[in-house]
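Here is the structure we will look at, set down as structure tokens.
Just the heavy atoms: all of them, side chains too, but no hydrogens, waters or symmetry mates, feed the values below. In what follows, every chain begins at residue 1, and chains take the letters A, B, ... in the order their sequences are listed.
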There are 2 protein chains.
Amino acid sequence: MTTKGKPLRRTKAEQREGTLAQILDAAEYLFGQRGLYGVTLKDVASLANVHTSLLHYYFADKKAMFDAVFARRAGVTAERRSVALDEYMAGRTDPPTVEGVLRAYLDTDLDLYMTGGEGWRNYAALGAQVAMAPEWGAKLFDTHFDPVVLKMIGLLKQALPDCPEEDIFWGYHFVTGVLVQTLARTGRIDVLSDGLCRSDDFSAIKARMARFLAFGFEGICQDRAAERNRLTN
Amino acid sequence: MTTKGKPLRRTKAEQREGTLAQILDAAEYLFGQRGLYGVTLKDVASLANVHTSLLHYYFADKKAMFDAVFARRAGVTAERRSVALDEYMAGRTDPPTVEGVLRAYLDTDLDLYMTGGEGWRNYAALGAQVAMAPEWGAKLFDTHFDPVVLKMIGLLKQALPDCPEEDIFWGYHFVTGVLVQTLARTGRIDVLSDGLCRSDDFSAIKARMARFLAFGFEGICQDRAAERNRLTN
DNA sequence: ATTATCTATAGATCTATAGATAATGC
DNA sequence: ATTATCTATAGATCTATAGATAATGC
């Protein structure tokens, strides 16, 4: 079995990298299924085919391992979305449109989960759980995603110059909800729709999400404009 | 201290009910903060001021306790929303509007969390965590909420007779996301908006949510109508 | 005479550490 | 000579149960 193509001898750096990836992949899957507290180090070790004590060699403790899992892909997706927003703006002289900004932001992310393989889908499910964890979850999101989110919100302000800042932030609140619900892939819509829709059909969701949300923004901003008119006249 | 107004002697049924409520309240708060796996029976017992073994007297195991916590309020909110939808339809001869249906459904629920006290807000946070749990979470939602959700979806179909069923289900998928994100109250929007918005300001959210989502539905249904026209002409 | 609550404890599991062994690195 | 991995185990914690005690119920 010692074919020339696959040398059994690996450099230590390679070995380290390989094992770490195995561990992080296993942890990512399990944490995505049951959350931080629903997974034991032993669970991760078994799935990763390493001994539990090795986890302590690589990570200070369980939370540090969890943070490493989250951080591994957080930077990648944040950067992709940031670049997509820049590219969207680079190609135009007109102010941005709400749907354009949302497409750059959301579709770019959905593409990643559609084409990035199982790892990215597991990460998505993990992200959904983190997003709903009040104690430490929001903090993780703040740390990794604030810059790109604020960049997007800045562009939405340009797209909706007459809309109060408050409404735009609430609109973003709704955007997160829709995205996070999608990333969770709980299978609930499958049951409700009796199989007509499947919660892992990101392609169907991509076809609707940005437009749905763009119309939503118009709705609450129109509302505000109307209210202001009512008060002024 | 044996004033006539507050007899120390309680009937067993009263005692049972009181203790159960203490236990369920404590469990509700803790599960809402850290999820099913992040809470131990000892945690619940300490907060409820009872001995851990008493939890085993009242519940078969931890999951049964969790289910009892969830079930206690699930029926109440489902029924309220169902009644609100009926009342909305009772008062009209025209077909329903999307925003009308969503207001009956969502505003009724938000009112409950706004006026129902701390217990209901803790339950909301718990619900948000359950909604993102792939293994057992979706199942709990199916059990308790399918009837009222399907009733609402039926009304949305009446409001949007030309919209494909598929789009309406996806629209509902987005509705859940927005509601669940709101119920979680993670404080993330507070940080992002630098205090301009607060995630526990359900009143501000109520003023925007139904309209935002109603416009979203119009958006994806218009889209579909346009697409059909394109294909037909 | 039944029901509610507490005491005591078994048995399993979980995290974490110390120290041994087996690889790669120079 | 350093780094990666495993063995063995301590100490804490967690769920669950058996059985005692203290209330209410007739």
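- Remark: B/F31 pairs with B/F66 by the ring pair (Phe, Tyr, Trp, His ring centres under 6.0 Å) rule, at least two apart or across chains.
- Residues from residues 64-71 of chain B lying near DNA chain D, meaning a heavy-atom separation below 4.0 Å, are absent.
- Within the structure, side-chain hydrogen bond (donor to acceptor under 3.5 Å, both in side chains) pairs that include any residue of residues 41-52 of chain B comprise B/T40-B/D43 (at least two apart or interchain).
- Applying the side-chain hydrogen bond (donor to acceptor under 3.5 Å, both in side chains) rule to pairs touching residues 115-130 of chain B yields nothing, sequence neighbours excluded.
- Summarising the geometry of B/A26 relative to B/V44, their closest heavy-atom pair is CB-O, 3.9 Å, with the distance given to 0.1 Å.
- Checked by atom type and distance alone, the side chain of B/R208 pairs as donor or acceptor with a backbone atom of B/A204 at under 3.5 Å.
- Partners of A/R185 by side chain to side chain donor-acceptor pair (under 3.5 Å), not counting sequence neighbours: none found.
- Distance check, rounded to the nearest 0.5 Å: CG of B/D142 to CG of A/L192 gives 6.5 Å.
- Residues that satisfy the ring pair (Phe, Tyr, Trp, His ring centres under 6.0 Å) test with B/F141, not counting sequence neighbours, are B/F70, B/F145.
- One atom, CD of B/E14, and another, P of D/dT24, lie 11 Å apart when rounded to the nearest Å.
- The side-chain contact (heavy atoms from CB on, under 4.5 Å) search around A/K151 returns A/S82, A/L85, A/D86, not counting sequence neighbours.
- Taken residue by residue, residues 27-37 of chain B places no heavy atom nearer than 4.0 Å to DNA chain C.
- Under a 3.5 Å cut-off, the side chain of A/D190 and the backbone N or O of A/S199 do form a donor-acceptor pair.
- Looking at B/K62, its side chain does come within 3.5 Å of a backbone N or O of B/L36 through a donor-acceptor pair.
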Nucleotide by nucleotide, nucleotides 5-13 of chain C touches protein heavy atoms under 4.0 Å in the pattern (B base, S sugar-phosphate only, - none) BBB------
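- In this entry the distance linking CD of B/E17 with P of D/dT24 reads 16 Å, nearest Å.
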Can you give the donor-acceptor pairs under 3.5 Å from side chains of residues 16-24 of chain B to other protein atoms, not counting sequence neighbours?
residue : atom : partner : partner atom : Å
B/T19   : OG1  : B/Q15   : O            : 2.9
B/Q22   : NE2  : B/A48   : O            : 2.6

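- Pairs engaging residues 173-196 of chain A under the ring-ring contact (aromatic ring centres under 6.0 Å, His included) rule: A/W170-A/H173, A/F174-B/F212 [sequence neighbours left out].
- One atom, NE2 of A/H56, and another, C1' of C/dG19, lie 16 Å apart when rounded to the nearest Å.
- In DNA chain C, runs of at least 3 stacked Watson-Crick or G-U pairs (N1-N3 plus N6-O4 or O6-N4, or N1-O2 plus O6-N3, all under 3.5 Å) give these stems: C:1-24 with D:1-24.
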